[in-house]
Amino acid sequence: MTTTSAEQASAPVTEDALRRVLLVGERPSRPGPVRTSLTFGWRALLKIKHLPEQLVDVTMFPIMFTLMFTYLFGGALAGSTGDYLQFLVPGILVQANVMITMNTGITLNTDIQKGVFDRFRSLPVWRPSPLVGALLGDLVRYSIGSAVVIGLGLALGFRPEGGAGGVVLSVALLLVFSFCLSWLWTMLGLILSTPNSVAGVSMMVMFPLTFVSNIFVDPKTMPGWMQAVIDVNPITHLVNVVRGLMHGSVPAGEIGWVLVSSVLLVAVFGPLTMARYRNKK
């Protein structure tokens, strides 16, 4: 090392010199809403990588319900397990996805308890991006659950008359509805105090919605008052859409109803969730 370089190394760093070094390059631009939301979505997927047991609800539960209802009740309800499978698989597909949506609120509440939530709110990013990112990450879970149900159904003998196009379109509409429904559980995740309470309240809501519907049985065999309840159940309309598309019919009115209900879910629970998110202490 020369004398000049040694002197430079031992010389004190002035504020002007430090400023010149820091201003050599351009300051990175602030990330936009899409980029930050996708980043938080990627975080949700990395959590699945490190905790693969999170996929139990999207894999084992749909398989268990499909096998139990097909072989325990199929013959009694439809005359044969093969005929009942054509009726059941679209319904199980809906049930599997809407039940999975509860995971968003539980995961959010867990982050709140661990203190991660406060760190996210302090970041210089679009405020809703942690919530939107988590919901986008859950779309992958919904897709996995859909693939499991459809794959198992095909292996057991399910044959959708609507072909691949009907299956893809029905799954796409189901993913849209599931994403919008997730905003309800996100709001609960911000309101309730523990993950267990979020799971308990969510199950109290989802069990009546899924079982008091046309997922497992044709409502025509039920009492009139229960048919009236089932007719106004949003899950019933969603099942009608998925079942119709998979079997070759296009229930335009039902599709419109599902899309409108999806928009209403976001319009109602989206602002409520964000208001709670901003004021959460």
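In what follows, every heavy atom counts, from backbone to side chain, and hydrogens, waters and symmetry copies are set aside.
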Worksheet entry | CA sep, side-chain torsions, deciding dist, call: Thr66, Tyr71, side-chain hydrogen bond (donor to acceptor under 3.5 Å, both in side chains) | CA-CA 8 Å; Thr66 302; Tyr71 293 107; over 6 Å; no
Could you tell me whether the side chain of Phe61 reaches within less than 4.5 Å of the side chain of Met99, counting heavy atoms only? no
- Task: Would you confirm whether Asn233, through its side chain, and Leu209, through its main-chain N or O, come within 3.5 Å as a donor-acceptor pair?
- Result: yes
| message | Taking the side chain as everything from C-beta on, heavy atoms only, tell me whether Ser261 gets closer than 4.5 Å to Phe177. | response | yes
I'd like to know if the side chain of Gln86 reaches the main chain of Arg159, judged simply by a donor and an acceptor atom lying under 3.5 Å from each other, with no hydrogens or angles considered. yes
- prompt: Within the side chain of His237, is there an N or O that forms a donor-acceptor pair under 3.5 Å with the backbone of Asp231?
  reply: yes
Verify the neighbour count for atom CZ of Phe216: are there more than 12 heavy atoms of other residues, nucleotides or ligands below 6.0 Å?
-> yes
Expected output: side-chain Gln113 to main-chain Ser193 donor-acceptor under 3.5 Å = yes
message = Strictly distance-based, threshold 3.5 Å: is any side-chain N or O of Asn109 a donor or acceptor partner for the main-chain N or O of Leu192?
response = yes
salt_bridge(Lys114, Asp111) N-O dist < 4.0 Å: no
**Prompt:** How far apart are the C-alpha atoms of Val98 and Ile235, what are their side-chain angles, what is the distance that settles it, and do they pass the side chain to side chain contact (heavy atoms under 4.5 Å, CB included) test?
**Reply:** CA-CA 9 Å; Val98 297; Ile235 301 301; 4.1 Å; yes
#### Entry: Student check: side-chain heavy atoms of Val239 and Leu93 closer than 4.5 Å
no
When Ile92, Val171, Ile144 are each screened for side chain to side chain contact (heavy atoms under 4.5 Å, CB included) with Val149, the one that passes is Ile92
Closest non-hydrogen contact found for Leu175 with Leu139 is O-CD2, 3.8 Å
Value for CZ (Arg43) from CG (Leu38), rounded to nearest 0.5 Å, stands at 15.0 Å
Treating Thr81 as the side-chain partner and Gly74 as the backbone partner, does any N or O pair qualify as donor plus acceptor under 3.5 Å?
no
message = Test your reading of the model: is there a side-chain donor-acceptor pair from Gln227 to the backbone of Met222, 3.5 Å cut-off?
response = yes
Rounded to the nearest 0.5 angstrom, the CH2-CG distance for Trp126 and Leu131 is 9.0 Å
Open item on the list: With heavy-atom distances below 4.5 Å as the criterion, would you say the side chains of Met102 and Val201 are in contact?
Closed with: no
Using side-chain heavy atoms (C-beta onward) and a distance below 4.5 Å, is Phe73 in contact with Met68? no
Considering residues, nucleotides and ligands other than Met64, do more than 12 of their heavy atoms fall under 6.0 Å from its CE?
yes
Legend entry - Residue pair Ile255 / Leu245, side-chain heavy-atom distance below 4.5 Å: yes
Exercise. Show your working on side chain to side chain contact (heavy atoms under 4.5 Å, CB included) between Trp185 and Leu188 and close with a plain yes or no.
Key: CA-CA 5 Å; Trp185 315 126; Leu188 290 178; 3.5 Å; yes
Between Phe120 and Phe40, is the ring centre distance below 6.0 Å? yes
The reported gap from CG in Leu152 to OG1 in Thr59 (rounded to nearest 0.5 angstrom) is 11.5 Å
With the side chain counted from C-beta on, respond yes when Thr70 and Val89 share a heavy-atom pair under 4.5 Å apart, and no when they do not.
no
In this structure, OG of Ser249 is separated from CD of Glu161 (nearest 0.5 Å) by 9.0 Å
Do we see a donor-acceptor contact under 3.5 Å between the side chains of Thr221 and Asp218? no
Check: Phe87 main-chain N/O paired with Arg243 side-chain donor or acceptor under 3.5 Å:
yes
### Message
For Ser178 and Ile100: C-alpha separation, side-chain torsions, deciding distance, then whether side chain to side chain contact (heavy atoms under 4.5 Å, CB included) applies.
### Response
CA-CA 9 Å; Ser178 299; Ile100 296 168; over 6 Å; no
Any side-chain donor-acceptor pair under 3.5 Å between Ser146 and Asn97?
-> yes
Among the clusters formed by ILVMFWY side chains lying less than 4.5 Å apart, do Trp183 and Leu264 turn up in the same one? no
- Message: Before you tell me yes or no, could you show the steps for Leu123 and Thr36 under side chain to side chain contact (heavy atoms under 4.5 Å, CB included), namely the whole-Å CA-CA distance, both residues' side-chain angles and the distance that decides it to 0.1 Å?
- Response: CA-CA 10 Å; Leu123 296 175; Thr36 54; over 6 Å; no
### Query
Are Val168 and Val258 in one and the same hydrophobic cluster, where Ile, Leu, Val, Met, Phe, Trp and Tyr link if side-chain heavy atoms are under 4.5 Å apart?
no
With a 4.5 Å cut-off on side-chain heavy-atom distances among I, L, V, M, F, W and Y, is there a chain of contacts connecting Phe211 to Leu88? yes
| task | Report yes if the side chains of Phe269 and Cys180 come closer than 4.5 Å at any heavy-atom pair, otherwise no. | result | no
